[in-house]
Amino acid sequence: METNLFLVLTRFGAVLEFLGLVELAGTTFGPFANLSSDPRAERYVRPEAEVNVIVRTSEIELPVIDLAKLIHPEFSKEEAAKLHLTCQEWSFFQLVNHGVPEELIEGLKADTVEFFNKPLEEKMAYKQDNDGTLQGYGQAFVLSEEQKLDWCDMFYVMTRPTAFRNMKFWPTSPSTFRDNIDRYSLELTKLASCLWQYIARNLGVAPEVFVQLFKDHPQGMRFNYYPPCPEPEAEKVIGISPHSDATGFSILLQINDEQGLQIRKDGEWIAVNALPNALIVNLGDVTEVLSNGIYKSIEHKATINTETTRISLVAFHGPDNLDMLQPLPEVVGDGNPNYGSMSYQEFMKAYF
Ligand SMILES: O=C(O)CCC(=O)C(=O)O
Ligand SMILES: [Fe+2]
């Protein structure tokens, strides 16, 4: 979690000082026929050293957790033990048999692709404004003129609590998009409640404690759109910079089944090869602190490629408005707390 964390914070409402560069989003990609000769490319092309880190190429499959087994009386104990070990060793896992209806996922995928394929003017009707929440269509944090930019358009909406929804950012076309986002949001909320209970038990904490911590299920959804990046500079361009998520946990759906997520494990970058129907879950910084570091929030990034567009959807699940963020007493026991206590507000501010 000790990384450059430009990414997630405002998902839950911190204040962002924007520099008006949001207008760049979307307009930047199309005209980039040649990154090496276009002066705007400077904003995206990074020094080689930043990008060329080791990637383990050997096939490593991210652990798979089966939700049907987790909730099945006969298999639950074994699967919960696997979940605990996976959370300790990886912090990332693929969730299968997650119960989110396939028809809903397929509908949401189709709507998302259709939305991003629309002409720029139409998408700009939903552009981010300076309301400090990053909701809408645009780019991730642009904090200075010097900062290198991620090769990614984003579209972000707060989905829960439902009172936080700002419907002016919710596209009316495709006609099913709003409803599918709403339904998916509810499905993931149910899923999150279920997972929290097992995570709590695995940490020796009463599930009610987690129910209370995450009671209104704050949830934001970030749609990431990574267009193909032209050669020859593509190797020095990143889809999303290395970061960890400031959440309880995040749930990623690959919209068009293109791979590109990489996670940092034991000092190496590992390319994730996700199963077609899996959701990818990763524990965030809040969980790292609550668990006193038993579970870590690990760094990850998104790569781009030269030929194809990649689209992902990440749903962030945060705690309710905490006063203080600190390790749970059940987890610390008589041992040393590794993590101090900090105000939740301060914690969120640290992301700037
Ligand atoms: O698109 C991906 O694979 C990663 C996205 C991500 O990490 C994020 O949105 O926080
Ligand atoms: Fe992330």
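Computation of the quantities below employed the complete heavy-atom set of this structure, encompassing side-chain atoms and omitting hydrogens, waters and symmetry-equivalent molecules. Whatever order the structure lists them in is the order used to number ligands and atoms, beginning at 1.
Ligand 1 has Arg310 within reach: a non-hydrogen atom of the residue lies less than 4.0 Å from it. At least one heavy atom of His243 sits closer than 4.0 Å to an atom of ligand 1.
Interatomic distance, Asn256 CG to Arg310 CZ, rounded to the nearest 0.5 Å: 8.0 Å.
Checking each of Tyr137, Tyr226, Tyr225 against Asp153 for a side chain to side chain donor-acceptor pair (under 3.5 Å) leaves exactly one that passes, namely Tyr137. The only member of Leu83, Leu279, Asn282, Val64 that meets side-chain contact (heavy atoms from CB on, under 4.5 Å) when paired with Phe93 is Leu83.
The contact set between ligand 1 and Ser312, taken as ligand atoms under 4.0 Å from a residue heavy atom, comprises 1 (O), 2 (C). Atom numbering of ligand 1 starts at 1 in the shown order; those under 4.0 Å from a heavy atom of Phe316 are 9 (O), 10 (O). The distance from ligand 1 to the heavy atoms of His300 drops below 4.0 Å at these ligand atoms: 7 (O). Residue Asp245 has at least one heavy-atom neighbour below 4.0 Å for each of these atoms of ligand 1: 10 (O). Within ligand 1, counting atoms from 1 as listed, the ones closer than 4.0 Å to a heavy atom of Arg222 are 9 (O). Counting the atoms of ligand 1 from 1 in the order shown, those under 4.0 Å from a heavy atom of Tyr226 are 1 (O), 2 (C), 4 (C), 5 (C). Numbered from 1 in the order shown, with element, the atoms of ligand 1 that lie under 4.0 Å from a heavy atom of Leu252 read 2 (C), 3 (O), 4 (C).
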Criterion ring pair (Phe, Tyr, Trp, His ring centres under 6.0 Å) on Trp196 and Phe249, from CA distance to verdict: CA-CA 9 Å; Trp196 281 131; Phe249 59 66; 4.4 Å; yes
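Residue His300 approaches the Fe ion (ligand 2) most closely through its N/O/S atom NE2. Asp245 has its closest N, O or S atom to the Fe ion (ligand 2) at the position named OD1.
Between the Thr247 side chain and the His317 main chain, no donor and acceptor come within less than 3.5 Å of each other.
Between Lys82 and Asp66 there is no salt bridge, since none of the side-chain N atoms of the basic residue sits less than 4.0 Å from a carboxylate O of the acidic one.
Remark: the Glu288 side chain and the Tyr339 side chain contain an N/O donor-acceptor pair separated by less than 3.5 Å.
Taking the six-membered ring wherever Trp is involved, the centroid distance between the rings of Tyr198 and His84 does not fall below 6.0 Å.
Remark: ligand 1 and Lys301 share no N or O pair separated by less than 3.5 Å (distance only, no angle test).
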